[in-house]
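Letters A, B, ... are given to chains in the order of the sequence lines, protein chains preceding strands, and every chain is numbered from 1. When reading the values below, keep in mind they use all heavy atoms of this one structure, side chains included, and skip hydrogens, waters and symmetry mates. None of these values were measured; they are calculated from a predicted model.
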Number of protein chains: 2
Amino acid sequence: MALPRSGDNRRPLTLRDVSEACGVSEMTVSRVLRNREDVSPATREKVIAAARSLGYVPNKIAGGLASQQVNLVAVIVPSLSNMVFPDVLSGVSKALEDSGLQPVFGVTNYSPEKEEEVLYEMLSWRPSGVIIAGLEHTEAARAMLENAGIPIVEIMDSDGEPIDSVVGISHRSAGRQMAEAIVAAGYRKIGFLGTKMADDHRARKRFEGLTEGLAEHGIEIADTEFYSGGSALKKGRELTEAILTRSPDLDFLYYSNDMIGAGGLLYCLDKGYDIPGKLGLAGFNGTDFLDGLPMQLATIDACRHEIGEKAASIIAGKGFEDGVIGGHRIELTPRLEAGDTIRR
Amino acid sequence: MALPRSGDNRRPLTLRDVSEACGVSEMTVSRVLRNREDVSPATREKVIAAARSLGYVPNKIAGGLASQQVNLVAVIVPSLSNMVFPDVLSGVSKALEDSGLQPVFGVTNYSPEKEEEVLYEMLSWRPSGVIIAGLEHTEAARAMLENAGIPIVEIMDSDGEPIDSVVGISHRSAGRQMAEAIVAAGYRKIGFLGTKMADDHRARKRFEGLTEGLAEHGIEIADTEFYSGGSALKKGRELTEAILTRSPDLDFLYYSNDMIGAGGLLYCLDKGYDIPGKLGLAGFNGTDFLDGLPMQLATIDACRHEIGEKAASIIAGKGFEDGVIGGHRIELTPRLEAGDTIRR
DNA sequence: CTGAAAGCGCTAACAA
DNA sequence: TTGTTAGCGCTTTCAG
């Protein structure tokens with residue numbers, strides 16, 4: 001006996017059902033439903049009425065197979081739970097609006113293997129393009145991207161060799177930029193707090209940039225504190241307490257993201273540290289929730305929304321009618337926002 | 001002349017290419033690639049080697065059409081930019097792991113029309129199930145869901161009649177629960193701060209529950225402050241300043257989400273309000289970033305991750321081997337976390 | 001402007 | 001265990 005089941009087993013409607021309902025050939029129904037111009041208004045109306053009243057939903061599987069075209073853009077990011085990627089995705093969505101393309105999101109949790117899986121899965125739907133975070137991929141993933149035969153845009157990071165196009169910022173130079181600001185403000189004993197960076201290449205590059213930038217002034221990072229897991233205010237507090245307990249003489253703390261930076265800021269304010277006088281602080285990302293904190297945390301804007309928008313525009317072929325599609329290299333310039341937590 | 005273009009026009013590989021490369025029939029290649037058991041180890045290895053070395057990626061469009069099965073689950077949520085839906089999505093991803101199903105995310109920006117579009121688009125890919133936030137949909141969207149012939153799970157909200165299955169909490173009773181706690185703690189002049197609720201039905205239901213709960217004790221909401229746009233700390237500060245300036249005699253502020261609540265809390269601490277003595281505060285969602293604030297904001301946990309997980313389990317048919325698939329109703333019980341911002 | 005025929009790349013069903 | 005055949009539902013192409 002058949003189980004009672006949600007969605008009874010009515011066969012989904014096909015073009016043929018609509019065709020029969022309105023006495024127009026399948027072919028013409030198909031034309032109407034794809035908004036093609038070469039159909040008489042009378043026929044068009046008949047078809048639309050029939051399709052609507054039946055509740056017909058086209059089958060893109062069949063359509064995609066027949067036309068060898070799929071209006072999907074695969075967007076692959078490491079995480080949704082911090083404040084950075086949702087912004088990127090909204091930029092993508094915005095740029096794809098009215099392009100006829102549809103973004104499809106996949107999440108890798110900063111795991112190269114998971115990225116490879118997600119990519120494989122997505123490519124098997126033959127999307128029109130891929131937007132993928134970062135320049136570091138497994139060998140297999142690189143091969144898939146290279147052979148996909150569609151535009152690929154690597155985003156967020158411009159420090160390295162892209163497969164096809166790239167839209168991002170240099171995290172290395174963001175790190176150096178922060179180093180300059182820190183040194184210029186007179187801080188000398190610098191601590192770094194952030195994720196364990198095995199697979200967060202952008203955080204690593206910022207760290208390296210910071211290290212290099214400081215080295216040019218003869219300064220070495222005085223202490224570091226690493227953690228794993230998502231970004232959270234509480235983590236920021238804990239890390240800050242740990243590093244300041246161990247190295248009370250630090251006069252600057254650089255955080256690998258704004259959220260833990262904000263946690264650190266709240267901790268320091270609680271404890272009565274003199275900020276930015278005796279202790280300076282900075283984060284990274286330029287997330288707008290910093291606006292509501294008691295002091296404005298210094299940060300570098302990662303241009304998240306704009307990156308998403310530009311990347312999607314490349315796929316959609318908008319704004320690049322210069323005869324070349326693909327192979328674009330767009331490096332955005334991150335702005336340092338000194339806020340209230342660096343001495344002036 | 002052809003433009004230089006990313007992804008040159010190599011024809012994507014087909015099963016046939018793999019078949020020819022290893023001298024095994026297309027059908028058997030297909031079996032191997034779908035991990036079917038009925039292939040000899042020797043053949044299997046030959047096929048896998050050939051597929052790998054060619055870099056073959058199966059075409060799910062064709063596969064889906066032939067098998068009338070698509071391993072996609074459509075997940076439709078209003079927003080990614082607040083802290084609630086990413087948690088839901090991670091619950092979904094977790095539950096779908098190893099089920100062979102793949103979540104696909106769509107975002108509606110709290111617009112019923114956009115929801116309808118996204119749904120139409122997703123249904124046209126003939127997914128195996130739909131997880132969609134809320135019980136309120138356009139008439140057309142309802143019709144599509146009812147006729148899709150696949151399991152539908154409406155999530156987040158249990159106040160209303162689901163189309164098929166539902167997993168959520170009662171926002172109305174969450175509002176009442178908060179009203180009880182507020183009254184029990186002795187607060188009497190209550191202010192409400194939140195989004196304009198035209199399309200945020202869950203925020204509306206919480207507001208209604210709060211109103212009803214207070215009414216039972218002869219209390220009316222003393223003042224309200226509405227805004228539009230995303231949740232942000234800064235918004236919380238501004239709203240709080242506005243409402244307390246206009247109604248300085250308020251002794252409790254109820255926020256429609258934790259983020260603006262946190263902004264309000266920081267504002268009140270800045271201004272030296274006696275919390276929770278003279279002024280109580282509460283938010284909603286139970287987002288874990290509250291942990292790092294100077295005081296723990298009272299909140300009600302919306303069970304986000306669990307909702308995503310249970311909803312996905314229904315689609316995957318896990319944990320429901322009682323002879324019925326579909327038509328499940330799971331109402332979770334939100335926990336009130338009084339934190340430090342309600343008097344004891 | 002409309003229709004008929006062929007086939008997209010794969011898999012169900014059956015045959016060997 | 002492997003191969004053959006016949007579509008899946010749509011769109012391309014070409015003919016009217």
*Working to the nearest 0.5 Å, report the span between CD of A:Glu309 and CG of A:Asp87.*
11.5 Å
_pair B:Val104-B:Val75: side-chain heavy atoms closer than 4.5 Å_ = no
_Nearest 0.5 angstrom please: B:Arg44 CZ to B:Thr28 OG1, how far?_
11.0 Å
*Separation of B:Asn35 atom CG from C:dC10 atom C1', in whole Å?*
16 Å
*Look at B:Thr43 and D:dT1 and indicate whether a side-chain polar atom (N or O) is within less than 4.0 Å of OP1 or OP2.*
no
*Side-chain touch A:Ile330/A:Ile314, heavy atoms, less than 4.5 angstrom*: yes
*Could you run down nucleotides 8-16 of chain D 5' to 3' and tag each one B, S or - for protein heavy-atom contact under 4.0 Å?*
BBBBBB---
*asked:* Taking only side-chain N and O atoms of B:Ser40, does any of them lie within less than 4.0 angstrom of OP1 or OP2 on D:dT2?
replied: yes
*Would you say the side chain of B:His137 lies within less than 4.5 Å of the side chain of B:Pro112, judging by non-hydrogen atoms?*
no
